[in-house]
Amino acid sequence: MSDEHAEIPDDHPRAQSLRTRHRIEAGVDAGITSKQGLIAEGRGEAFDYLLGEETIDSADDAARAAAAHLRLAEHPVLSVNGNVAALVPAEIVALADAADADVEVNLFGRTDERVRRIADYLRDHGASEVKGLAADARVPGLDHERGKVDADGIAAADVVLVPLEDGDRAAALGELGKTEIVIDLNPLSRSAQAATVPVVDNVIRAVPRITDHVRDLADADRATLVEIVESFDADAARADAERAIREGELD
Ligand code: ATP
Ligand code: MG
């Protein structure tokens with residue numbers, strides 16, 4: 001991918017969002033990210049702007065609850081789409097290692113070619129095994145292409161992390177009874193609404209933060225993890241994020 005974003009000076013007021021845009025653009029050029037991914041990015045940017053481009057406290061609580069769920073999981077899976085691959089490839093691999101989770105490519109506009117490219121790109125960033133190509137199971141309630149998942153991956157998972165998932169699939173996975181961790185900057189999106197744990201934060205900040213919490217909880221006993229999970233209030237977290245977005249004071 002191109003490194004033109006290296007030229008954006010750090011003191012540029014929109015430095016981070018410009019770099020992020022360039023990564024998505026480069027992802028499209030590399031055949032990893034779809035064109036719709038550009039639109040999704042623009043939508044996310046607007047919410048991030050209103051959040052002051054920082055992690056609010058309730059999102060950090062959500063990241064900790066997400067980490068506790070991952071720690072308690074028997075079979076956690078991290079779902080990766082084109083935007084996630086373009087923005088946080090090494091960070092997803094680090095989280096998968098820390099949480100002992102599978103990584104599965106799961107695309108809205110699925111083509112085998114794009115799944116393969118993303119899998120290769122994740123391997124270039126250190127992933128040992130990437131699922132998503134078998135596509136030998138279906139999520140009920142979704143049409144054929146959009147419902148494809150791996151039988152020994154998402155289909156068998158008890159906890160799934162779905163960053164930037166579309167609303168239909170997030171709802172369908174929730175109906176399968178899976179614990180769903182969603183990272184989405186829009187607390188009102190159907191994905192965030194369907195989540196067991198909505199992390200209303202930029203995926204760029206949220207993934208490393210969840211990893212930090214997973215590491216921090218490495219020695220925590222089951223009772224502590226269960227307590228973190230049970231004390232997390234998803235409705236309160238969504239409401240707090242919505243309040244921050246509507247009322248937030250920008251620096
Ligand atoms: P839904 O289908 O769940 O109701 P939507 O139609 O608003 O939501 P899409 O346009 O399908 O959502 O996908 C984009 C979503 O991803 C938006 O909610 C946007 O805020 C979010 N998003 C985009 N980029 C990021 C990012 N870097 N970090 C976190 N969230 C992001
Ligand atoms: Mg949508």
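Just so we're clear, the structure is a prediction, and the values are computed from it rather than from any experiment. Whatever order the structure lists them in is the order used to number ligands and atoms, beginning at 1.
Residues H213 and D60 have side chains that bring a donor and an acceptor to within less than 3.5 angstrom of each other.
Of the N or O atoms in N202, one or more lie within a sub-3.5 Å distance of an N or O in ligand 1. At a 3.5 angstrom cut-off on N or O pairs, R43 counts as close to ligand 1. Any N or O atom pair closer than 3.5 Å counts here, and I183 shares no such pair with ligand 1. Between V203 and ligand 1, a contact under 3.5 Å exists for at least one N or O pair. For ligand 1, the polar-atom distance check against L185 finds a nitrogen or oxygen pair separated by under 3.5 Å.
Listed by number with element, the atoms of ligand 1 under 4.0 angstrom from any heavy atom of D201 are 28 (N), 29 (C). Against a heavy-atom cut-off of under 4.0 Å, F47 is close to the following atoms of ligand 1: 20 (O). In the vicinity of G44, heavy-atom distances shorter than 4.0 Å reach the ligand 1 atoms 19 (C), 20 (O), 22 (N), 23 (C), 24 (N). Of all atoms in ligand 1, numbered sequentially from 1 with element shown, those under 4.0 Å from a heavy atom of L87 are 27 (N). The distance from ligand 1 to the heavy atoms of G167 drops below 4.0 Å at these ligand atoms: 1 (P), 2 (O), 3 (O). Close approach of ligand 1 to S189 (heavy-atom distance below 4.0 Å) involves ligand atoms 1 (P), 3 (O), 4 (O), 8 (O).
Checked options V182, L164, N186; the residue passing with S191 is V182 (criterion: side-chain contact (heavy atoms from CB on, under 4.5 Å)). Under the side-chain contact (heavy atoms from CB on, under 4.5 Å) test applied with L95, the options V103, V207, D212, V88 reduce to a single match, V207.
At least one heavy atom of L164 sits under 4.0 Å from some atom of ligand 1.
The existence of a salt bridge linking R246 and E242 is confirmed by a sub-4.0 Å separation between a basic side-chain nitrogen and an acidic carboxylate oxygen.
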| field | side chain to side chain donor-acceptor pair (under 3.5 Å) between S58 and D61, intermediate numbers included | value | CA-CA 5 Å; S58 56; D61 292 344; over 6 Å; no
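The number of heavy-atom neighbours closer than 6.0 Å to CG of D219, taken from other residues, nucleotides and ligands shown, is 12 or below. For CG of D100, the number of neighbouring non-hydrogen atoms (other residues, nucleotides, ligands) closer than 6.0 Å is 12 at most. When the shell of 6.0 Å around CD of E113 is examined, it contains more than 12 heavy atoms from other residues, nucleotides or ligands.
The shortest distance between side-chain heavy atoms of D48 and S17 does not fall below 4.5 Å. With contacts defined as side-chain heavy-atom distances shorter than 4.5 Å, the pair L133/R116 qualifies.
The heavy atom nearest to atom 16 (O) of ligand 1, out of those in I24, N186, N83, D184, is found in D184. Nearest to atom 4 (O) of ligand 1 by heavy-atom distance, out of R205, Q36, R190, R169, is R190. Which of D166, N81, V84 comes nearest to atom 11 (O) of ligand 1 through a heavy atom is settled by distance: it is D166.
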